[in-house]
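Below is one structure, written out as structure tokens, with a few remarks after it.
Every chain is numbered from 1, with letters handed out A, B, ... down the list of sequences.
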Number of protein chains: 4
Amino acid sequence: MARPRSAAADRAILDATRAALVELGWSKLTMGDVAARAGVAKTTLYRRWTGKSTLVVEAVAALFDELELPDRGSLQADVSGVVRSFAALLERPETATALMALVAESTRDPVLRDRIRTAIVDRQKRLVLEGRARAQARGELPADEDPAAAARQADLIFDVIAGAVVHRVLVSAEPVDDAWVSAFTGLLVSGLGSLA
Amino acid sequence: MARPRSAAADRAILDATRAALVELGWSKLTMGDVAARAGVAKTTLYRRWTGKSTLVVEAVAALFDELELPDRGSLQADVSGVVRSFAALLERPETATALMALVAESTRDPVLRDRIRTAIVDRQKRLVLEGRARAQARGELPADEDPAAAARQADLIFDVIAGAVVHRVLVSAEPVDDAWVSAFTGLLVSGLGSLA
Amino acid sequence: MARPRSAAADRAILDATRAALVELGWSKLTMGDVAARAGVAKTTLYRRWTGKSTLVVEAVAALFDELELPDRGSLQADVSGVVRSFAALLERPETATALMALVAESTRDPVLRDRIRTAIVDRQKRLVLEGRARAQARGELPADEDPAAAARQADLIFDVIAGAVVHRVLVSAEPVDDAWVSAFTGLLVSGLGSLA
Amino acid sequence: MARPRSAAADRAILDATRAALVELGWSKLTMGDVAARAGVAKTTLYRRWTGKSTLVVEAVAALFDELELPDRGSLQADVSGVVRSFAALLERPETATALMALVAESTRDPVLRDRIRTAIVDRQKRLVLEGRARAQARGELPADEDPAAAARQADLIFDVIAGAVVHRVLVSAEPVDDAWVSAFTGLLVSGLGSLA
DNA sequence: TTCTAATCGAGACGGTACGTCCAGTCTTCAG
DNA sequence: CTGAAGACTGGACGTACCGTCTCGATTAGAA
């Protein structure tokens, strides 16, 4: 019955949030600054999000949804591909600063943790599931027998790939170059035992 | 006069910092609160550390230095051991909230990144190097030929172990239980190809 | 032409304004609250009044129009009567808080000052004029010679009565009891007698 | 032991408050603006005063303390003098807007009412008491018999003078010129003569 | 009776100020 | 002549109202 919320404002705010993350990083990003960039009142931000954390979750989630995993023909190639594209995403300044800060916040805030999982983490598991299904279709991996075991396995693979890339990029702060990608992919596919 | 207090004050401040991290988490920890807990003036904190980040780096680094890797007799067992003890450390509330927040901050602050690497990250590589050396001694892994390649390999293993555990604990927020540890250890030692 | 403004809404709004003045006082009265009490949209308020001040002027003016001055038989008694009834009005919480606040606002806003004069102040002069005419009819006061001088005299009397009562009630915050009324009336009537 | 509050800041703040009252009036005066004018942080204001009302009471009280009542030789002349100087004070924009607003606020806030009485109202009674004593010394008024009655009488006179002047200046908004002063003084002095 | 235009409620909007909290610096005084 | 106590400037916080602006849903009066 009343005036509906402006979709244009939503877009402007999320864009402004990403821009502020790039320029200022998580800890110097302020709600007032985002509002000013978006040409919007602070009230409008608080009417839609509960605070900085939830706003940034939504702003960053959109970036993760752009990830895709085209079929590269083999398990090895598909793993390489996902590693590279995930690394490229994390090397963007808005993603890096935001993701770790959100995880830090979420250790104290179960509601935020759920939002992050729903909006970001769980949606990326699709990449693992797709790649795994293709490898099974190709015969590179055995078919599932127990669906629960399959889910656990997918979760594990996701933790390993995402964790390793995050650690390489943000903690070790070393480049994800061809050498590292092929070493990691090799390790993942064949294990330590196979290392030269 | 009060010079001898210096060392005592240091200890009190770092203890207070850890206590505040446990109770409040990174984002709600304030310098004033730490000073009050330590029975010290804010001035004293700023005389010794440049701010919250550097103070917390030092307070948390001490916890990581307590990690040890006793010889458990096989590569598989040693990997299990390090995974478990690293997970145990990350499940402590002061470590979890602080580590992610520091990494987030460090994406914008190269000086802080270096401090974190020096005080925390690089010191833990010793665990990987030790374990690797033992495995080579046991004949489970081939001896090094190229020292540079060996270092790269150790870095990779470190990224994979630390990354996967961090991701499991803080992002997926699922328990590091026996099942996960043995699945991860198996994957790491033998690769995806070996999964049932 | 089209739908006319609702008279019921007008009444509800002015009643709500008076109720809000009683409960909250001038400074905590908000337009939104009045609208809610009246079961009306804020828009409707702003369509009829320019803001809080003009709305409250109208809400309060109605109260002043209820004042009456029955003939009590002598100048002394008539003055006592008007003092008492004016004091009773000012002791009502909605009048007290609103009147002074409006006067304060009006020091900066000539348009508001005029509205207050038209809607409230000038209309009460009738009480002085009536009383004065009766006293002249009774021979207690000399008849007017110069009409301009008579008007000036009436204004002075009004300032003295209204001013003294307001000051007693709102500034000194002491009761307008029998003792005070008779002392003030005595002072005023004796003084009046000496006016040319 | 610690750093004492800055007296210079106090002075700057009160000056800034008066300046802001002149320029903006009570209702548009903001704490942030006063702080900015005084070159001081908002925190400093709130450390010393509870809000706008108490700050303005103190800022305005100083102006009232400057009032003086030199001996003009007769009761008539002394009354004229106090009326004129009180009117001159109320015609200053900072006084007018502030005083009425404070009285309005105080109808809802007994603590504020007490502050206003202590800081402003009661201190001005000295003018009445002085003038009365002089008139008694000159034989223009009878000497006190009952001290309580004398106090009541002084309060009444104060209410009449202050009230009439305030009403003339702020409500009627007409000039306090020679004609009005002498008419009012005449009325008052004749009335006073009849007091027991 | 149907059209039609102003009014209605609801509430989102861009703003301004609030009063609080914390950062990091500076001043004072006690030991 | 160091260090606790705490006042200082500065700036972001999240909230409350302001007065304006869409909205769809009544309504009465004109057609």
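Distance, A:L45 CG to E:dA12 C1': 14 Å, rounded to whole Å. Taking atom CZ on A:R47 and atom P on E:dG15, their separation rounds to 13 Å, with Å as the unit. We find that CG of C:L24 is positioned 14 Å from C1' of F:dA16, with the value rounded to whole Å. Rounded to whole angstrom, the span from the OH atom of D:Y46 across to the C1' atom of F:dG10 amounts to 15 Å. F:dC13 atom C1' lies 18 Å from atom CH2 of A:W49, rounded to whole Å. At whole-Å resolution of the value, CG in D:L29 and P in E:dT16 are 17 Å apart.
You'll find a donor-acceptor pair under 3.5 Å spanning the side chain of C:R3 and the base of F:dT26, going by distance alone. A donor N or O paired with an acceptor N or O is not found under 3.5 Å between the base of E:dA12 and the side-chain atoms of A:T43. Between the side chain of D:K42 and the base of F:dG10, no donor-acceptor pair under 3.5 Å is found.
At E:dA6, none of the side-chain N or O atoms of C:R5 fall inside 4.0 Å of OP1 or OP2 (strictly under the cut-off). A close approach under 4.0 Å does not occur between any side-chain nitrogen or oxygen of D:S6 and OP1 or OP2 of F:dA7.
Checking E:dA23, F:dG10, F:dC17 against the side-chain heavy atoms of D:A41 singles out F:dG10 as nearest. Taking every side-chain heavy atom of A:M31 into account, F:dG14 is the closest of F:dG19, F:dC23, F:dG14. Side-chain atoms of B:K52 lie closest to E:dA23 of the nucleotides E:dG14, E:dA23, E:dG9.
How far CZ of B:F64 is from CG of B:L90: 5.5 Å, rounded to the nearest 0.5 Å. For the atom pair CZ (C:R48) and OG1 (C:T54), the distance works out to 13.0 Å, reported to the nearest 0.5 Å.
Each of D:V40 and A:P4 has a nearest nucleotide on DNA chain F; the 5'-most of these lies closest to D:V40. Between D:K28 and B:G32, it is D:K28 whose nearest contact on DNA chain E lies nearer the 5' terminus. Nearer the 5' end of DNA chain E, as judged by each residue's closest nucleotide, is the contact made by D:D33, out of B:T50 and D:D33.
Among the protein residues, D:G39 comes within range of the sugar-phosphate backbone only, with heavy atoms under 4.0 Å from sugar or phosphate atoms but none that close to a base. Across all strands shown, A:T44 has heavy atoms under 4.0 Å from sugar-phosphate atoms exclusively, and none from any base.
Applying the 6.0 Å contact sphere to CZ of C:R18 captures more than 12 heavy atoms from other residues, nucleotides or ligands. Around atom CZ of D:R113, more than 12 heavy atoms belonging to other residues, nucleotides or ligands sit under 6.0 Å away.
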Residues A:R11, A:D15; criterion salt bridge (charged side-chain N to carboxylate O under 4.0 Å, His left out); working and verdict: CA-CA 6 Å; A:R11 249 173 291 116; A:D15 286 348; over 6 Å; no

